[in-house]
Structure formats: C-alpha cells, structure tokens
Participant: 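Sending over a structure as structure tokens; questions will come in a sec.
All values derive from a computational prediction rather than experimental measurement. Order of listing sets the numbers, starting from 1, for every ligand and every atom in it. Both backbone and side-chain heavy atoms feed into the values below; hydrogens, waters and symmetry mates do not.
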Amino acid sequence: MQKTDLMEKIVSLCKRRGFIFQSSEIYGGLGSAWDYGPLGVELKRNLKNAWWKSIVHNRDDIVGLDTSILMHPNTWKASGHTENFTDILVDCRKCKKRFRQDMIGDKCPSCGARDFTDGRAFNLMLKTYLGAVEDESSVCYLRPETAQGIFVNFNNVLDTTRKKLPFGIAQIGKSFRNEITPGNFTFRTREFEQMEIEYFVRPDEAANIHERWVQDRFEWYLGLGIKKENLQLRKHADDELAHYAAACTDVEYKFPFGWSELEGIANRADFDLKQHSKVSGTELQYTDNLTNEKFFPYIIEPSGGVDRATLAFLVDAYHEEEVKGETRVVLKFSKELAPVHVAVLPLLKKNADIVELAKRIKQDLHRDFVCVYDDTASIGKLYRRQDEVGTFYCVTVDVQSLEDKQVTVRDRDTMQQERIPVDNLKKYLSEQIFN
Ligand code: GAP
C-alpha cells in the first residue's frame with residue numbers, strides 16, 4: 001500500500017465509522033480542528049486512562065493534577081514563552097503567502113518566486129482578553145503547554161502530599177498553539193491534548209533518571225501494541241534544544257508521512273522552579289528534612305500528545321487482508337485501547353425470540369464490558385463493520401441458541417468461532433479480555 005493511500009484510508013475510515021470528524025463541518029470546516037466521534041472518544045479516553053493508570057495509579061511517587069487553561073500572564077514571562085515561543089515567518093512578496101522560514105528553501109513553495117520579506121518573530125500563544133475591556137491590562141493566553149500549571153503548584157502539592165524526592169506530578173489537559181503550518185490530520189493542530197509528567201529529582205540524579213524515563217516511555221507505547229519496527233528514539237542535537245532544556249530525547253513513530261515526534265522526554269534542569277521563584281517572589285525550593293539543605297530540584301519531563309498518540313495507535317492498528325477474495329479491514333487495537341469489547345448480533349432480526357435473547361445478553365454483558373447491539377445488516381456485513389472498528393469479540397445468537405442456550409463467539413483477529421454456553425459467556429469473555 002502506498003503511504004499516502006494509507007493516510008487517506010485512515011482519514012476516511014475515521015469519518016465513516018465515527019472516530020474523527022472535521023470541526024464545524026456544516027460551515028465548511030475550521031482548518032486543523034477536529035472532533036472525536038462516538039468511537040474516537042472511547043479510543044482517546046482508553047488511551048488517557050491507560051496512561052493515568054500506569055503513571056499515577058500504579059506508582060507511589062507520582063500524583064495527579066488538573067490545572068486551569070487560563071493562567072496569570074506573568075507565568076509566560078517567567079517560562080520564557082512571551083519572549084521565546086516564536087516561529088520566524090516570511091511573506092512572499094509576489095503571491096503574498098506567509099511561511100515558516102525554517103520550513104522553506106530559497107523558493108516560494110506556492111509560486112516559485114525568490115522574493116521574501118525579512119523574517120519576523122511570530123508568537124505562537126493564542127491571545128484572549130479577560131473581562132469586559134479589551135486592552136493590554138486584560139490580555140491573557142490559552143496555555144501552550146500544561147507543564148506550567150504543575151510548576152506553579154509545586155508548593156501546594158508538596159505541602160499537601162509531603163512527597164520526598166524523587167517524585168512527580170502528572171497532568172492531562174488541553175493546550176493551544178497558533179501553529180503556522182498545522183496539518184497531517186490530527187498530528188499538528190492548534191488545539192490539542194497533552195499528557196505531561198514533571199518529575200522532580202536531585203540534580204546529581206537527573207541524568208540517570210532521565211535515561212530511565214526515556215526507556216520507560218518507549219516501553220509504554222510498545223506495551224499498548226505499537227509495533228517495535230515503527231518506534232524509535234531520537235536524541236536532540238545541542239542546537240535543537242528548547243531554551244529551557246539541558247537534554248531531550250524524542251519517542252518517534254513511523255507515520256505514513258515519515259518519522260515524527262510522539263513524545264519528548266526533556267531534562268529541564270532547574271530552569272522552571274528558579275524562574276517562577278524569581279518572577280513571582282514565592283520561593284519554590286525543596287528542603288531536605290535530614291540535612292535542612294534547600295535547593296531547586298531538577299525536572300525530568302516526559303511530555304506526550306494525546307491526539308498524536310491516538311493517531312499513531314490508529315495507524316498501527318490498521319490492517320488489510322484478503323479473505324475469500326474480499327478485502328477485510330481490521331483495526332487490531334490492544335485490549336486496553338479497543339473502543340468496543342463485544343458486539344452482540346442476532347442472526348435473524350425477524351425472529352423475535354432471537355432478538356429478545358440477543359438483547360438480554362447485551363444488557364447483561366454491558367455491566368462488565370463496552371458492548372453494542374446491532375441488527376441492521378446481514379451477519380457477514382455486521383462482522384466486517386465490527387472488524388473495521390476493532391471490536392474484540394462478536395457474539396452471535398442464532399436459532400440453535402434458543403435450543404441449546406449457546407452462542408457463537410468470533411475472535412476479531414483469528415476469525416475463529418467457538419460455541420459458548422450463555423451462562424459461561426461473561427466468564428469466558430472476562431478471561432479473554434481482562435487477563
Ligand atoms: N512541556 C513541554 C512541551 O510542551 P513539546 O515538545 O512542545 O513540549 C509535547 O510538546 C508534545 O505535545 C509533543 O511531543 C506532541 O505530542 C504534542 N504536541 C505539541 N504541539 C502539538 C500540536 N500542535 N498538535 C498536536 N500535538 C502537539
């Protein structure tokens with residue numbers, strides 16, 4: 001399959017089956033803004049839950065936080081975003097189009113002219129005004145990263161949890177950037193979700209702990225089903241490091257449009273707490289309770305994008321195979337991520353007894369599993385539909401089921417079918433899905 005074809009197929013499947021829609025479509029759409037449909041919202045939520053479970057619930061050294069999108073404007077002065085969070089833009093004097101200087105050569109990508117204006121810095125933060133008056137005193141920004149909400153709450157979390165170094169604070173939330181060149185579907189957008197960890201460590205332990213996080217985060221993607229050949233680590237060269245970073249390694253995924261960043265794991269040194277202490281006048285230091293030594297911890301920051309990861313899992317799960325002369329499309333999501341666990345399908349929708357038993361089974365299963373009932377097509381079509389959205393098992397109720405109280409359970413990946421007694425169905429599915 002051509003790589004561009006694959007991306008087109010994913011975008012089309014996402015729309016057709018309710019994973020992702022263009023935002024404000026009925027008004028012609030809003031560039032680079034996307035809405036998650038009924039299946040997309042389940043997939044994205046499963047991804048965030050898997051992250052939260054492994055980062056917050058399964059560890060003693062990390063706690064969660066949910067901070068506001070709007071923050072005091074001085075936050076961004078302290079963090080360096082007001083001054084440094086910029087792209088250099090140039091305008092083509094002939095066709096009047098605007099480009100990021102670092103993304104073009106000496107020729108205009110649109111009209112081929114070689115006549116550009118000088119580069120000008122363009123800040124990527126989305127600006128708004130709070131309250132009734134729109135002037136400089138009411139300027140506020142939509143946060144461009146969730147990290148700063150964590151740094152400014154350092155004392156609050158330390159005081160309320162009494163954590164000792166090394167410890168971390170994790171947060172999932174929306175961030176906003178006025179990207180000049182958004183694109184590649186949900187890969188680069190102006191509104192997106194991040195899942196970030198700020199892990200506070202003693203300065204002399206920072207390099208080792210950074211390395212450990214790089215490995216842990218790489219393994220996390222593999223554990224949720226990404227194929228190893230599609231994942232790589234890339235260390236930043238010194239001249240690519242952000243203004244705050246002492247070191248950074250990206251986890252990259254092999255998207256159809258090329259290797260691209262899923263997550264960055266940075267060693268931010270003591271930049272953030274020092275800066276916020278300086279600008280706010282509130283001391284954000286850590287006190288060692290044995291030695292009474294006061295110091296600014298270093299920060300290791302694994303920072304991933306929820307939308308990018310969701311897209312990577314969609315691409316990685318996409319399979320096409322020939323079955324009896326037809327193409328079967330199947331999304332082979334892992335059990336943690338699959339938006340639907342079980343579909344209950346009556347073989348004959350005109351047989352009231354079959355429909356009643358199928359609906360009863362669905363009612364019973366949906367307490368433990370994410371379940372759907374569908375009787376709107378022939379069984380062959382229903383199977384294909386469920387394969388295409390990655391449903392783990394199809395349970396089919398037929399005439400025989402009324403007699404022997406057994407149903408057919410079909411496995412998504414092998415397409416093997418097994419007869420299972422209705423009374424054992426829950427136990428059987430639990431063993432397959434949750435073990
Ligand atoms: N606090 C550090 C930070 O924000 P970043 O590398 O700018 O670092 C972290 O962003 C992650 O957020 C990226 O690896 C990516 O997954 C996601 N991300 C950043 N900009 C994005 C955008 N415009 N659209 C979608 N995801 C984005």
Participant: Using 30° and 60° as the class limits, which term best fits the ring planes of F200 and F154: parallel, tilted or perpendicular?
Facilitator: tilted

Participant: Would you say the rings of F434 and H341 are close, in the sense that their centroids are separated by under 6.0 Å?
Facilitator: yes

Participant: Please enumerate all residues that pass salt bridge (charged side-chain N to carboxylate O under 4.0 Å, His left out) together with R188, with sequence neighbours excluded.
Facilitator: none

Participant: List, ordered by chain and residue number, the protein residues whose closest non-hydrogen atom lies under 4.0 Å from any atom of ligand 1.
Facilitator: E145, A147, R177, E179, F187, R188, T189, F192, Q194, E196, Y244, E261, L262, E263, G264, R268, E301, S303, G304, G305, R308

Participant: So, F271 versus H243, ring centres under 6.0 angstrom or not?
Facilitator: yes

Participant: Mind checking what makes salt bridge (charged side-chain N to carboxylate O under 4.0 Å, His left out) contact with D115, not counting sequence neighbours?
Facilitator: R93

Participant: Name all residues meeting the salt bridge (charged side-chain N to carboxylate O under 4.0 Å, His left out) criterion together with R202; count only those two or more places apart in sequence or in a different chain, and write none if there are none.
Facilitator: D288

